[in-house]
J.: 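Before anything else, here's the structure in question.
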Amino acid sequence: MQTKYPQKPGIDFILKQAFFYWNKTLFFQLVFSIFYFGIFFSVLFFLDGKYGVLTQYLETAKNINQGMNASEQILKMQSNPGIIYFSWALIGTLVFLFPLNIGFYHIYRKIDLKEKLELGDLLVGYNGLNFFKYIGYYIFWLFVYIYTSQTIILGVVWVFITIFVAPLMFFTNKRIFEAISLNFQALKRYFLEILVCVIVAVFFKYVGFMLFFVGGLFTFPFWNAMIYSLYKTIFSEKKLNFK
């Protein structure tokens, strides 16, 4: 007698599910992007006006292109004491904005439960102690990424082994290293599905900016829909294991 094993979810199913969530929340995608880029660029231009880092960077790039010594130009730029403040302020801004992504997981779950969506759902990651939990995780994630991304390959590996950490923390209240362990198990079992979906998500996330800039405001947050679709398909929260 032939034993029947449950089949893995198809990649086409995961992709269709992700696009379904994205299509159902276009208004929230737009609000997310406006809020995200509005704050980020406001801080960016304010800091540039104060420290002149962007202007100096463009000047350095121009001088290097004109044949001037690259090392000397970079050292000259790094001698600007404002660069350190500029860098830390931008990192702080990215950390502050990260909990916005958590709001999408809450919104997608409400869609599954057929509950009414509200604009405030997008800010659920900022509620109470949630804010400190998620920014704490993102600070940890970002600093590891900054160092590993210098090798490119390790940076990509770090993205893959942490792709489900945020939804696991949100839905199952797992701690960071518990979530990373579960993430690693999922990656070993569903590597091909995750790889293909990540490639599609990255491409679609930025295609809006490449084709028509305004469209990027809708496609930029698509990454969250793909993560939720993968998470929902792979994990079983009741047993805290895989489907």
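Counting begins at 1 with the first residue of the sequence. Both backbone and side-chain heavy atoms feed into the values below; hydrogens, waters and symmetry mates do not.
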J.: For Leu30, is there any backbone N or O sitting under 3.5 Å from a side-chain donor or acceptor partner on Ser33?
T.: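 No.
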J.: From Phe35 CZ over to Leu122 CG, what is the distance, rounded to the nearest 0.5 angstrom?
T.: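 Going from CZ on Phe35 over to CG on Leu122, the span is 8.5 Å.
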J.: Can you list the residues that meet the side-chain hydrogen bond (donor to acceptor under 3.5 Å, both in side chains) rule with Tyr21, with sequence neighbours excluded?
T.: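 Expected list: Asp112, Lys232.
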J.: Please check if the side chain of Asp121 supplies one atom and the backbone of Glu118 the other of a donor-acceptor pair under 3.5 Å.
T.: yes
J.: Hydrophobic clustering (ILVMFWY, side-chain heavy atoms < 4.5 Å, transitive) - are Tyr145 and Tyr147 grouped together?
T.: no
J.: Flag the pair Phe140 / Phe177 as yes when their ring centroid distance falls below 6.0 Å, and as no otherwise.
T.: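 Under 6.0 Å, so yes.
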J.: List the residues meeting salt bridge (Lys or Arg N to Asp or Glu O under 4.0 Å) with Lys50, not counting sequence neighbours, and say none if there are none.
T.: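 Testing Lys50 for salt bridge (Lys or Arg N to Asp or Glu O under 4.0 Å), a comparison that skips the adjacent residues, returns none.
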J.: With sequence neighbours excluded, tell me which residues meet side chain to side chain contact (heavy atoms under 4.5 Å, CB included) with Val198.
T.: Phe160, Ile163, Ile194, Val202, Trp223
J.: For Ile107 versus Leu117, what's the shortest heavy-atom pair and its separation?
T.: O-CD2, 3.7 Å
J.: Would you say the ring centers of Tyr51 and Trp88 fall short of 6.0 Å from each other?
T.: no
J.: Could you give me the CA-CA distance, side-chain angles and deciding distance for Leu142 and Phe98, then say whether side-chain contact (heavy atoms from CB on, under 4.5 Å) is met?
T.: CA-CA 11 Å; Leu142 187 60; Phe98 175 74; over 6 Å; no
J.: Test side-chain contact (heavy atoms from CB on, under 4.5 Å) on Phe220 and Phe32; report intermediate values, then the result.
T.: CA-CA 9 Å; Phe220 181 72; Phe32 172 96; 3.9 Å; yes
J.: Group every Ile, Leu, Val, Met, Phe, Trp and Tyr by side-chain heavy-atom contacts under 4.5 Å, then state whether Leu192 and Met226 land in the same group.
T.: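 Yes, one cluster joins them.
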J.: Please answer whether the main-chain N or O of Phe164 pairs with a side-chain N or O of Asn183 as donor and acceptor at a distance below 3.5 Å.
T.: yes
J.: Say you draw a straight line from OG1 of Thr93 to CG of Leu44; how long is it, rounded to the nearest 0.5 Å?
T.: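 Between Thr93 OG1 and Leu44 CG, I get 9.0 Å after rounding to 0.5 Å.
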J.: Would you find a donor on one side and an acceptor on the other, under 3.5 Å apart, between the side chain of Gln17 and the backbone of Ser229?
T.: yes
J.: Quick test of your reading: applying salt bridge (charged side-chain N to carboxylate O under 4.0 Å, His left out), list the pairs with at least one residue in residues 135-164, sequence neighbours left out, ordered by first then second residue.
T.: none
J.: Hydrophobic cluster membership, with links at side-chain heavy-atom distances under 4.5 Å among I/L/V/M/F/W/Y: are Ile199 and Ile234 in one?
T.: yes
J.: Quick one: CZ on Phe170 to CZ on Phe104, what's the gap to the nearest 0.5 Å?
T.: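 One finds 13.0 Å between CZ of Phe170 and CZ of Phe104.
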J.: State which residues pass side-chain hydrogen bond (donor to acceptor under 3.5 Å, both in side chains) with Asn173; sequence neighbours excluded, sorted by chain then number.
T.: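 So Asn173 forms a side-chain hydrogen bond (donor to acceptor under 3.5 Å, both in side chains) with Lys133.
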J.: For the atom pair CD (Glu115) and NE2 (His106), what is the distance rounded to the nearest 0.5 Å?
T.: 7.5 Å
J.: Would a distance-only check, ignoring hydrogens and angles, find a side-chain to backbone donor-acceptor pair under 3.5 Å from Trp158 to Ile146?
T.: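 No; zero donor-acceptor contacts below 3.5 Å.
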J.: Could you walk me through whether Leu168 and Tyr231 pass the side-chain contact (heavy atoms from CB on, under 4.5 Å) check?
T.: CA-CA 8 Å; Leu168 280 167; Tyr231 169 82; 3.7 Å; yes
J.: How are the rings of Phe204 and Phe19 set to each other: parallel, tilted or perpendicular (split at 30° and 60°)?
T.: perpendicular
J.: Report the relative orientation of the aromatic rings in Phe41 and Phe37; use parallel for angles under 30°, tilted for 30 to 60°, perpendicular for over 60°.
T.: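 It falls in the parallel class, under 30°.
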J.: Go through the structure and list residues passing side-chain hydrogen bond (donor to acceptor under 3.5 Å, both in side chains) with Thr162, not counting sequence neighbours.
T.: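 For Thr162, the residues satisfying side-chain hydrogen bond (donor to acceptor under 3.5 Å, both in side chains) (neighbours in sequence not counted) are Trp141.
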J.: Aromatic rings Tyr228 and Phe171: how do their planes relate, parallel, tilted or perpendicular, breaks at 30° and 60°?
T.: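 Tilted, since the angle between the ring planes falls between 30° and 60°.
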J.: Between Tyr126 and Phe131, how do the two ring planes meet: parallel, tilted or perpendicular, split at 30° and 60°?
T.: parallel
J.: A cation-pi test, strictly: NZ or CZ of Lys205 under 6.0 Å from the centre of the six-membered ring of Phe222 and no more than 45 degrees from its axis. Yes or no?
T.: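 Ring-cation test returns no.
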